[in-house]
Amino acid sequence: RCIVELLVLAWFIQALKDCISSKVQSSSISSILTILWEIILQAQIVICPTSEFQICPSGIQTALPEASNQVLQFENKLPPKEKGEFRFLTLTSYYKHKNLDLIVKINELLHSKGFNNVKFILTLKEEEQMRHHLHGEGIINVGPLKPQECPSVYRECDAMFLPTLAECFSASYPEAMIMEKPIITTNLGFATSICGNAALYFKPLSAEDACEKIIALIQSENLRKELIEEGKKELKKFDTPKERARKYLEICAHYANEKK
């Protein structure tokens with residue numbers, strides 16, 4: 001079984017490298033990565049029975065709880081809001097699996113539907129933004145942020161948007177919950193397992209579906225409030241760093257005793 005696991009993992013890594021190094025369109029890379037990810041997840045289920053491994057849930061590893069009290073120490077990164085303006089924050093550097101190219105398509109769709117008051121706030125290096133053509137009338141890039149600056153920018157935005165295709169655990173989800181911002185993200189296992197009912201989900205590569213979810217959120221104050229309240233519930237499920245450390249020690253002790 002171990003040999004099979006290693007072969008599957010090696011194949012996945014090689015396919016990933018081929019995608020990154022090849023000169024195919026980013027949408028094609030995204031499609032390939034999504035398919036590969038689903039295959040590897042299925043392979044884990046088949047060849048790794050749950051009785052043979054231990055799970056230590058992710059905790060909230062973010063500077064936001066400490067930094068949220070320092071919001072007033074930082075100047076606003078964004079201009080004053082226009083009437084009816086709604087801002088989505090995507091707090092990440094540029095990586096292919098983050099699927100940020102989809103934002104440009106969504107932005108164009110929103111404008112074609114008459115939603116010209118939506119703004120996507122990015123935190124990219126200027127050269128990354130220019131190299132990958134992540135610009136448009138509704139896209140604002142504030143540049144990379146220090147952890148202490150993040151709460152201030154969250155406060156200037158209305159929701160968190162993350163079109164990512166693959167994560168182990170993204171701090172953006174609990175950060176948005178802490179800052180009481182509704183979440184829109186991809187309908188994939190890693191996202192639904194973390195966010196539960198605290199997010200709206202869209203088909204991973206569908207700009208149209210993401211656009212529909214964005215419009216639904218903008219038009220419904222009750223929906224925004226519901227997602228925020230669900231986020232507060234989800235936060236209670238995450239372990240603190242101390243609780244995670246205790247669980248790791250218990251797992252180590254369990255296997256150490258088995259070998260005696």
Under a 4.0 Å N-O cut-off, is there an ion pair linking Glu156 with Lys81? no

Taking Ala216's backbone N and O only, do any of them form a donor-acceptor pair with Ser220's side chain (distance below 3.5 Å, no angle check)? no

Intermediate values then yes/no, side chain to side chain contact (heavy atoms under 4.5 Å, CB included), Val142 and Ile121: CA-CA 7 Å; Val142 298; Ile121 313 304; 4.0 Å; yes

Could you check if a side-chain atom of Ile183 sits within less than 4.5 angstrom of a side-chain atom of Leu162, using non-hydrogen atoms only? no

Can Lys237 and Glu234 be counted as an ion pair, charged N to O under 4.0 angstrom? yes

Could you tell me whether the side chain of Cys211 reaches within less than 4.5 Å of the side chain of Phe202, counting heavy atoms only? no

Does NZ belonging to Lys203 count more than 12 external heavy atoms closer than 6.0 Å? no

Kindly determine whether Lys105 and Leu109 satisfy side chain to side chain contact (heavy atoms under 4.5 Å, CB included), including the steps that lead there. CA-CA 6 Å; Lys105 298 177 183 178; Leu109 269 175; 5.7 Å; no

Interatomic distance, CD1@Ile228 vs CE@Met177, rounded to 0.5 Å, equals 12.0 Å

Any ion pair linking Glu230 and Lys233 (charged N to carboxylate O, less than 4.0 Å)? yes

Distance check, rounded to the nearest 0.5 Å: Leu217 atom CG versus Leu227 atom CG? 6.5 Å

Residue of the set Thr192, Thr186, Thr185 for which side chain to side chain contact (heavy atoms under 4.5 Å, CB included) holds with Leu188: Thr186

How many angstroms lie between atom CE of Met179 and atom CE of Met160, to the nearest 0.5 angstrom? 12.5 Å

How far apart are the C-alpha atoms of Cys150 and Leu91, what are their side-chain angles, what is the distance that settles it, and do they pass the side chain to side chain contact (heavy atoms under 4.5 Å, CB included) test? CA-CA 8 Å; Cys150 294; Leu91 207 167; 3.7 Å; yes

How far does OG of Ser112 sit from CG of Asn107, to the nearest 0.5 angstrom? 10.0 Å

Hey, is CD on Glu127 packed in by over 12 heavy atoms from elsewhere, all under 6.0 Å? yes

The test is side chain to side chain contact (heavy atoms under 4.5 Å, CB included); show your working for Thr92 and Thr164 and say whether it passes. CA-CA 10 Å; Thr92 179; Thr164 181; over 6 Å; no

Do Val118 and Ile215 come close enough that some side-chain heavy atom pair is under 4.5 Å? no

With a 4.5 Å cut-off on side-chain heavy atoms, are Ile103 and Leu122 touching? yes

Could you tell me how the ring of Phe120 sits relative to the ring of Phe161: parallel (under 30°), tilted (30 to 60°) or perpendicular (over 60°)? perpendicular

State, with a plain yes or no, whether a side-chain heavy atom of Ile214 is found less than 4.5 Å away from one of Ile184. yes

For Leu165 and Pro204, the nearest pair of non-hydrogen atoms, with its separation, is CD2-CB, 3.7 Å

In Å and rounded to the nearest 0.5 Å, what is the CG to NE2 distance from Asp101 to His133? 9.5 Å

Between Tyr173 and Phe190, does the ring centroid distance fall short of 6.0 Å? no

Could Lys225 and Glu229 be called an ion pair, given the rule that one side-chain N must be under 4.0 Å from one carboxylate O? no

Quick test of your reading of the model: are Lys98 and Glu167 salt-bridged, counting only N-O distances below 4.0 Å? yes

Salt bridge (charged side-chain N to carboxylate O under 4.0 Å, His left out), that's the test. Do Lys232 and Glu180 meet it? Break it down for me. CA-CA 8 Å; Lys232 293 176 183 178; Glu180 299 186 6; 3.8 Å; yes

Does a salt bridge link Arg246 with Glu250, judged by any charged N lying under 4.0 Å from a carboxylate O? yes

What one should report as the nearest heavy-atom pair of Asn76 and Ser152 is OD1-OG, 4.5 Å

Val153 and Thr123, any side-chain heavy atoms less than 4.5 Å apart: no

Spacing of Glu208 atom CD and Lys213 atom NZ [to the nearest 0.5 Å]: 10.0 Å

